[in-house]
Each structure stands twice: as structure tokens, then as C-alpha cells.
K.L.:
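Dumping the structure here so I can ask a few things about it.
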Amino acid sequence: MGSIFQSLGKTIIAGFVILVVIIVAAGGGAKVGEHVWWTFVFRWLHVMSGVMWIGLLWYFNFVQTPSMPKIPDEQKPAIGKVIAPTALFWFRWSALATVVTGLIVAGMSGYLGAAMTLTKGVHAIGIGMWLGLIMAFNVWFIIWPNQKKALGIVQVSPEEKAAAAKLAGMTSRINTMLSIPLLFCMVAQQNAGL
């Protein structure tokens, strides 16, 4: 049993096994392959990738960034060379997965056009979608390119490195700010919060 927890891959597989047991025990719900089943699967994938994306965003802003000044200089390379690049990998790809699965769910559910144009009735989810698109743009086109400079993945002058770190940090804070109304809008749509 303990070997399951010694490997992330085995832990994830065990999670899926537990999920299948729960689905079977609960009676399975919609038939596999039906439209409603696929819509649910993509919604679940959207939530899973969104949890990873916002979780990492909050990790950077609530844990890593505030902790950096407290870390001795000789230990900081471990963060910059090992932890941050790995976290940023999962951060940017979970952002993309969240956007793609969200657009698929909206399309499969028939509200993609209405949400994107902020039509009454789906304006909460539409606002959330637009906030998510802005945040994903920030991840891929501002945060990641500047983090590559700040972490030394792309070689630049010390002045450019400092400016890149500052811009990446500020944009990450903007995304943290936007995540609060985004999450509200995503939940509000189905719970009549707006």
C-alpha cells in the first residue's frame, strides 16, 4: 500500500481507480458515450485543470514570492533552477487546459456564443470566461516569457532580468486579483449569484 504513495504516477492511478469504484457504486449516472456524459467529463477536466492552475497561481503569490526574501542566498538557486521551472510548466499548461476544456464545455452546452458576447442569462459565466482568457493570455504572453528571463532560462542583462522579474510578478498579482471575481462568476452562474 505504501508504494502507491512513493510515486506520483501510482498515486494518480489510485485516485482514478477510487473514482471508478465510486462511479460504479453510485450506479454510473449517464451512459458512457452519451452527450451528457461527455459534457460532464469535460466539465470535470475543466475543474481539475482549473484547480491546478489557480492552485499554482496562489502558491506563487501566497507562498513562494513572500518566502523568497527569507531564504538564504545560497539556497535560492534550488528554487530558481528546480522548483520554479517545474511549477511554471504545470502552471502554463494547466492554464491552457482550463481554457480549452472550458470552451469545449460551453460549446457542448450550447452557450459559447452567448457567454462570449455577455448575453443576459449567461453573463456571469461569460464574465468568468473573459477573465479566464485574459489570465491565460497573461500566463503565456507576459508571465512565462518574463519568467524565462528572470530564471536565467533565456540569457539577458542583469537590468533586463530584474525588469522581467518585476513584470512577471506584477502580472501574476493581477491574475491573483482577477481569480477572485473569476471564481465567483464561475460558481454564480449555476447558483443564481448574479
Side-chain angles (χ1 to χ4, degrees), residues 1-19 43-103 128-187:
M1 178 73 162
S3 69
I4 291 173
F5 306 115
Q6 299 301 315
S7 159
L8 178 59
K10 288 179 182 178
T11 302
I12 299 299
I13 290 169
F16 278 101
V17 169
I18 292 169
L19 172 63
R43 187 176 312 276
W44 175 71
L45 291 171
H46 177 63
V47 170
M48 292 282 290
S49 55
V51 166
M52 179 175 271
W53 178 20
I54 301 304
L56 285 166
L57 173 68
W58 287 6
Y59 159 76
F60 287 127
N61 281 276
F62 289 97
V63 178
Q64 184 173 306
T65 300
S67 297
M68 288 304 286
K70 302 171 195 166
I71 297 173
D73 288 342
E74 66 273 6
Q75 294 176 3
K76 287 182 181 178
I79 303 294
K81 301 284 184 212
V82 179
I83 295 171
T86 301
L88 285 163
F89 172 86
W90 291 106
F91 177 64
R92 65 183 188 274
W93 288 105
S94 61
L96 181 63
T98 303
V99 168
V100 169
T101 55
L103 292 172
M129 288 170 68
W130 277 108
L131 290 171
L133 289 170
I134 291 165
M135 291 169 61
F137 177 90
N138 288 346
V139 167
W140 279 93
F141 298 104
I142 300 174
I143 296 171
W144 175 234
N146 283 286
Q147 281 290 9
K148 287 192 289 187
K149 294 175 186 175
L151 295 171
I153 296 168
V154 172
Q155 297 301 314
V156 295
S157 71
E159 296 80 23
E160 289 176 286
K161 185 175 184 175
K166 185 175 181 178
L167 180 57
M170 181 187 67
T171 308
S172 184
R173 287 290 167 93
I174 290 168
N175 273 10
T176 299
M177 176 186 68
L178 295 177
S179 72
I180 295 166
L182 171 135
L183 292 170
F184 176 83
C185 288
M186 301 311 255
V187 175

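Along the sequence shown, the residues carry numbers beginning at 1.
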K.L.:
Excluding sequence neighbours, so at least two apart, what forms side-chain contact (heavy atoms from CB on, under 4.5 Å) with Val100?
P.N.:
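Checked Val100 against side-chain contact (heavy atoms from CB on, under 4.5 Å); matches are Leu96, Ile104.
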K.L.:
Taking it one step at a time, do Leu182 and Met129 satisfy side chain to side chain contact (heavy atoms under 4.5 Å, CB included)?
P.N.:
CA-CA 8 Å; Leu182 171 135; Met129 288 170 68; over 6 Å; no
K.L.:
Provide the closest heavy-atom pair for Lys149 versus Lys161 in the form atom of the first, atom of the second, distance.
P.N.:
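Where Lys149 meets Lys161 most closely, the heavy atoms are O-CG, 3.5 Å.
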K.L.:
Applying side chain to side chain contact (heavy atoms under 4.5 Å, CB included) to Met48 and Thr101, what does each step give before you reach the verdict?
P.N.:
CA-CA 10 Å; Met48 292 282 290; Thr101 55; over 6 Å; no
K.L.:
Please indicate whether Trp140 has more than 12 foreign heavy atoms, meaning atoms of other residues, nucleotides or ligands, lying under 6.0 Å from its CH2.
P.N.:
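Count over threshold, so yes.
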K.L.:
Would you say the side chain of Met52 lies within less than 4.5 Å of the side chain of Thr98, judging by non-hydrogen atoms?
P.N.:
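With C-beta onward as the side chain, the pair stays apart.
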K.L.:
Taking C-beta and beyond as the side chain, do Asn146 and Thr171 meet within less than 4.5 Å on heavy atoms?
P.N.:
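Not in contact.
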K.L.:
So which atom in Gly152 and which in Gln155 form the shortest heavy-atom distance, rounded to 0.1 Å?
P.N.:
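Taking every non-hydrogen atom into account, O-NE2, 2.7 Å.
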K.L.:
So how far is it from Leu178 CG to Arg173 CZ, rounded to the nearest 0.5 Å?
P.N.:
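It is 13.5 Å, given to the nearest 0.5 Å.
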K.L.:
For Phe89, is the CZ atom crowded, meaning more than 12 foreign heavy atoms sit under 6.0 Å from it?
P.N.:
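It does: Phe89 CZ has more than 12 such atoms within range.
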K.L.:
With a 6.0 Å cut-off (strictly less than), is the heavy-atom count around CH2 of Trp90, excluding the residue itself, greater than 12?
P.N.:
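Atom CH2 in Trp90 is not packed in, count stays at 12 or less.
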K.L.:
Minimum heavy-atom separation for Phe91 to Leu56, with atom names?
P.N.:
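Closest approach of Phe91 to Leu56: N-CD1, 3.5 Å.
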K.L.:
Can you see which heavy atom on Phe60 is nearest to which on Pro66, and at what distance?
P.N.:
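Closest approach of Phe60 to Pro66, heavy atoms only: O-CD, 4.0 Å.
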K.L.:
Give me the atom names and distance for the closest heavy-atom approach of Lys76 to Pro69.
P.N.:
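Closest heavy-atom pair between Lys76 and Pro69: NZ-CA, 4.4 Å.
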K.L.:
For the atom pair CD1 (Ile12) and OG (Ser7), what is the distance rounded to the nearest 0.5 Å?
P.N.:
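One gets 9.0 Å once the value is rounded to the nearest 0.5 Å.
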K.L.:
Could you go through Met135 and Ile174, starting from their C-alpha distance and side-chain angles, then the distance that decides it, and tell me whether this counts as side chain to side chain contact (heavy atoms under 4.5 Å, CB included)?
P.N.:
CA-CA 8 Å; Met135 291 169 61; Ile174 290 168; over 6 Å; no
K.L.:
Classify the ring geometry of Phe62 against Trp58: parallel below 30°, tilted from 30° to 60°, perpendicular beyond 60°.
P.N.:
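Rings of Phe62 and Trp58: perpendicular, over 60°.
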K.L.:
So Phe16 and Leu19, do their side chains get closer than 4.5 Å, heavy atoms only?
P.N.:
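Side-chain contact under 4.5 Å: yes.
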K.L.:
Mark yes or no for whether Ser49, through its side chain, and His46, through its backbone, hold a donor-acceptor pair below 3.5 Å.
P.N.:
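Yes; judged by distance alone, with no hydrogens or angles, the pair exists.
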K.L.:
Gln75 side chain to Pro72 main-chain N or O, any donor-acceptor pair under 3.5 Å?
P.N.:
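No; zero donor-acceptor contacts below 3.5 Å.
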K.L.:
Looking at every heavy atom in both Gly80 and Leu151, which two are closest together, and how far apart are they?
P.N.:
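The answer is O-CD2, 3.5 Å.
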K.L.:
Considering only heavy atoms from C-beta outward, does the side chain of Lys10 approach that of Phe5 to under 4.5 Å?
P.N.:
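Counting from C-beta outward, Lys10 and Phe5 never come under 4.5 Å.
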K.L.:
Side chains of Gln6 and Thr11: does their closest heavy-atom pair fall under 4.5 Å?
P.N.:
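The answer is no, as the side chains (C-beta and beyond) never meet within the 4.5 Å cut-off.
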K.L.:
Can a side-chain donor-acceptor contact be found between Glu160 and Ser157 if the only test is distance below 3.5 angstrom?
P.N.:
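Looking only at side-chain atoms, Glu160 and Ser157 do form a donor-acceptor pair, the distance falling under 3.5 Å.
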K.L.:
Distance from Leu88 atom CG to Ile143 atom CD1, nearest 0.5 Å?
P.N.:
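Rounded to the nearest 0.5 Å, the CG-CD1 separation comes to 8.5 Å.
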K.L.:
Taking atom CD1 of Ile71 and atom CD1 of Ile79, what is their separation to the nearest 0.5 Å?
P.N.:
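These two atoms lie 4.5 Å from each other.
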K.L.:
Side chains of Asn61 and Ser172: do they bring a donor and an acceptor to under 3.5 Å?
P.N.:
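Yes, because at least one side-chain N or O of Asn61 sits under 3.5 Å from a partner of the opposite role on Ser172.
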K.L.:
Working to the nearest 0.5 angstrom, can you tell me the gap between Leu133 CG and Asn138 CG?
P.N.:
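That separation rounds to 11.0 Å.
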